[in-house]
Amino acid sequence: QVQLVESGGGLVQPGGSLRLSCAASGFPFSIYAMSWYRQAPGKEREFVARISSTGGPTNYADSMKGRFSISRDNAKNTVYLQMNSLKPEDTAVYYCKTQIWGIDYWGQGTQVTVSS
């Protein structure tokens with residue numbers, strides 16, 4: 001079955017950095033685009049970033065442009081989210097997602113807390 005497992009979250013001070021990972025299994029990872037979303041308490045889940053199957057075209061939400069970077073290693077079936085210059089408003093649970101034949105698949109999420 002399709003499985004997505006995020007890791008790398010934690011507590012970081014404002015201005016700090018984190019690198020999230022999402023390990024994928026159960027599907028041909030290299031031919032599917034991957035995305036990151038996040039959800040803060042009391043807020044709707046929002047789009048963060050997307051990367052094509054080849055790692056070519058990437059897409060970011062406006063608030064993340066210039067600070068976040070999505071990448072992938074198809075040999076390792078892993079997608080990454082490098083987060084720099086973190087702000088308290090980045091605090092959320094971060095999820096990776098893919099869509100296969102019209103069905104969305106989500107990881108369990110990893111908590112990112114930005115606080116001094």
Side-chain angles (χ1 to χ4, degrees):
Q1 60 262 338
V2 173
Q3 188 171 2
L4 302 171
V5 181
E6 300 94 335
S7 62
L11 176 64
V12 63
Q13 294 186 5
S17 298
L18 282 176
R19 190 192 196 198
L20 307 183
S21 298
C22 175
S25 61
F27 68 100
F29 177 81
S30 64
I31 66 170
Y32 286 95
M34 299 293 298
S35 298
W36 287 95
Y37 287 74
R38 70 185 185 186
Q39 187 168 25
K43 298 183 67 177
E44 297 296 316
R45 187 169 297 187
E46 66 175 337
F47 169 78
V48 173
R50 180 186 185 274
I51 188 167
S52 71
S53 61
T54 63
T58 57
N59 184 258
Y60 299 92
D62 286 344
S63 63
M64 270 68 79
K65 289 180 180 177
R67 299 190 300 122
F68 290 10
S69 180
I70 188 170
S71 62
R72 68 192 296 159
D73 186 341
N74 284 347
K76 299 179 66 175
N77 285 4
T78 302
V79 62
Y80 305 95
L81 184 69
Q82 178 67 47
M83 305 185 295
N84 300 321
S85 301
L86 284 163
K87 306 172 182 178
E89 52 263 44
D90 295 319
T91 296
V93 177
Y94 285 72
Y95 301 89
C96 64
K97 189 213 81 174
T98 192
Q99 185 179 87
I100 304 171
W101 290 101
I103 299 174
D104 290 342
Y105 295 87
W106 299 88
Q108 84 289 348
T110 185
Q111 176 71 50
V112 172
T113 302
V114 184
S115 176
S116 58

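Quick caveat, the model's predicted, so the values are computed rather than measured. Numbers here are sequence positions counted from 1.
- Counting all heavy atoms, side chain and backbone alike, Pro14 lies closest to Ser115 at CD-C, 3.6 Å.
- Put simply, the side chain of Arg45 does not reach to within 4.5 Å of the side chain of Lys97, judged on heavy atoms.
- Looking only at side-chain heavy atoms (C-beta outward), Glu6 and Leu20 stay at 4.5 Å or farther from each other.
- Applying the side chain to side chain contact (heavy atoms under 4.5 Å, CB included) rule to Ile100 yields the partners Val2, Phe27, Tyr32, Thr98, Tyr105; only residues at least two apart in sequence or on another chain are considered.
- Of the possible polar contacts, one joining the Arg72 side chain to the Ser52 backbone as a donor-acceptor pair under 3.5 Å is found.
- Using a distance-only test at 3.5 Å, with no hydrogens or angles considered, no donor-acceptor pair links the side chain of Asp90 to the main chain of Asn84.
- Linking Ile, Leu, Val, Met, Phe, Trp and Tyr whenever their side-chain heavy atoms come within less than 4.5 Å leaves Val79 and Tyr37 in two separate clusters.
- Note that CE of Met83 and CZ of Arg38 are 9.0 Å apart. Values are rounded to the nearest 0.5 Å.
- Looking at every heavy atom in both residues, Ser17 comes nearest to Ser85 through OG-N, 4.3 Å.
- Atom-to-atom distance recorded for Ser25:OG and Gln1:CD is 8.0 Å, nearest 0.5 angstrom.
- When all heavy atoms of Leu18 and Gly8 are compared, the closest pair comes out as CD2-O, 3.8 Å.
- The same ILVMFWY cluster, assembled from side-chain heavy atoms under 4.5 Å apart, contains both Ile51 and Phe68.
- One hydrophobic cluster holds both Phe29 and Leu4 under the rule that ILVMFWY side chains link at heavy-atom gaps under 4.5 Å.
- The hydrophobic cluster containing Trp101 does not contain Trp106, counting ILVMFWY residues as joined when their side-chain heavy atoms lie under 4.5 angstrom apart, directly or transitively.
- Side-chain heavy atoms closer than 4.5 Å link hydrophobic residues (I, L, V, M, F, W, Y) into clusters, and following such links, even through other members, never connects Tyr95 to Val112.
- Once rounded to the nearest 0.5 Å, the distance linking NZ of Lys43 with CD of Glu89 reads 8.5 Å.
- Judged purely by atom type and a 3.5 angstrom limit, Thr113 has no side-chain atom pairing as donor or acceptor with the backbone of Thr91.
- Under the 3.5 Å distance criterion, the side-chain polar atoms of Tyr60 are matched with a main-chain donor or acceptor of Ile70.
- The line from CZ of Phe47 to OG of Ser63 is 10.0 Å long, rounded to the nearest 0.5 Å.
- For the pair Gln99 and Asp104, the tightest heavy-atom approach, listed with the atom from each and the gap, is NE2-OD1, 3.0 Å.
- The nearest pair of heavy atoms linking Tyr94 to Leu81 is CD2-CD2, 4.0 Å.
- Residue Ala23 comes nearest to Thr78 through the heavy atom pair CA-OG1, 4.2 Å, listed as atom of the first residue, atom of the second, then distance.
- The CG atom of Asn77 sits 10.0 Å away from the SG atom of Cys22 when rounded to the nearest 0.5 Å.
- The distance from atom CG of Leu86 to atom CD of Gln13, rounded to the nearest 0.5 Å, is 11.5 Å.
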